[in-house]
Amino acid sequence: MSGRKSKYVLETSNTKEIKVWSVAIYIRLSQEDSDNGEEKSESNSITSQKALLNEFIEEHNDLIIYDTYVDDGYTGTDFNRPGFQRLLEDMRTGNINCVLVKDLSRLGRNYIEVGNYIEQIFPLFNIRFIAINDSVDSFKNPTSANTILVPFKNLINDEYCRDTSIKIKSALNGRKKKRRIRRGICILWIYKKSR
């Protein structure tokens with residue numbers, strides 16, 4: 001009687017089994033990082049992330065794309081993003097067993113939440129996590145996901161987001177002040193003309 005074989009194991013000609021990973025490619029870009037308001041169906045960064053991740057998949061015969069999940073124009077501080085929520089649903093149902101991102105900041109910019117996914121949730125569901133540019137691979141190099149560098153990078157990503165938010169608020173407040181001054185000058189000019 002033959003045993004049941006895993007759908008994630010690929011037999012090769014020399015009878016050595018290779019684990020096959022059903023990959024969820026996750027791509028995210030916030031509104032602040034987009035292409036400066038240009039009308040496009042997809043931003044340049046999203047396109048370049050796709051190219052990089054697909055090239056990585058082509059170089060590894062044990063990785064098979066299940067689906068690509070894209071959140072274009074969503075902040076990394078909030079994990080209630082449609083593409084990411086769909087990825088989590090496919091993770092819960094067992095459709096995927098690997099999450100592939102360009103770098104840690106693409107997964108998110110909330111230090112605590114990103115750490116929670118990498119250290120708790122993904123391992124709970126036996127999900128392999130790969131961040132290409134940060135050299136993180138929880139299967140091939142398990143210590144890469146647990147080094148002190150990962151939390152520091154996540155903390156820097158979180159702080160970058162906070163700093164960007166402060167700069168945007170400051171710029172908006174500066175514009176409001178300029179409008180008030182211009183409005184005051186216009187009213188003064190109209191008043192002088194009417195006399």
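Heavy-atom basis, side chains included; hydrogens, waters and symmetry copies ignored.
In this structure, the separation between OG on S45 and CZ on R106 is 6.0 Å, given to the nearest 0.5 Å. The distance from the CG atom of L29 to the OG atom of S48 is 8.5 Å, given to the nearest 0.5 Å. A distance of 9.5 Å separates CD in E113 from CG in D78, rounded to the nearest 0.5 Å. Between T68 atom OG1 and Q49 atom CD the span is 11.5 Å, to the nearest 0.5 Å. Atom CD1 in I46 sits 4.0 Å away from atom CG in D72 (nearest 0.5 Å). Atoms NE2 and CD, from H60 and E55 in turn, are 11.0 Å apart once rounded to the nearest 0.5 Å.
Side chains of T75 and R109 form no contact here, defined as non-hydrogen atoms less than 4.5 Å apart. Looking at heavy atoms from C-beta onward, I132 lies in side-chain contact with L100 at the 4.5 angstrom threshold. Taking the side chain as every heavy atom from C-beta outward, F125 and V99 never approach each other to under 4.5 Å. The shortest side-chain heavy-atom distance between P123 and E119 does not fall under the 4.5 Å cut-off. Using a 4.5 Å heavy-atom cutoff, the side chains of L87 and I96 are in contact. Counting heavy atoms from C-beta on, the side chains of D134 and K102 never come closer than 4.5 Å. The closest side-chain heavy-atom distance from I25 to I57 is below 4.5 Å. Taking 4.5 Å as the limit, some side-chain heavy atom of I65 sits within range of a side-chain heavy atom of N54.
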- Message: side chain to side chain contact (heavy atoms under 4.5 Å, CB included), that's the test. Do C98 and I127 meet it? Break it down for me.
- Response: CA-CA 5 Å; C98 180; I127 300 294; 5.6 Å; no
- side chain to side chain contact (heavy atoms under 4.5 Å, CB included) assessment of L104 paired with F129: CA-CA 10 Å; L104 293 167; F129 176 71; 3.8 Å; yes
- Passes side chain to side chain contact (heavy atoms under 4.5 Å, CB included), N97 versus K19? Steps please. CA-CA 11 Å; N97 61 358; K19 182 163 181 148; 4.2 Å; yes
- Applying side chain to side chain contact (heavy atoms under 4.5 Å, CB included), run through F122 and N116 and close with a yes or a no. CA-CA 9 Å; F122 290 158; N116 188 36; over 6 Å; no
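A salt bridge does not link R28 with D71: none of the charged nitrogens is closer than 4.0 Å to a carboxylate oxygen. Using a 4.0 Å cut-off between charged side-chain N and carboxylate O, R128 and D62 make a salt bridge. For the pair R86 and E89, the salt-bridge criterion is not met [side-chain N within less than 4.0 Å of a carboxylate O].
Inspection of the Y74 and N80 side chains reveals no N or O donor paired with an N or O acceptor under 3.5 Å. Residues N141 and T143 bring a donor and an acceptor atom of their side chains to less than 3.5 Å of each other.
Closest heavy-atom contact between Y66 and S22: CB-OG, 3.3 Å.
For the pair R81 and F79, the cation-pi criterion (under 6.0 Å, within 45° of the ring axis) is fulfilled.
Close placement of the Y117 and F84 rings is indicated, their centers lying within 6.0 Å of each other.
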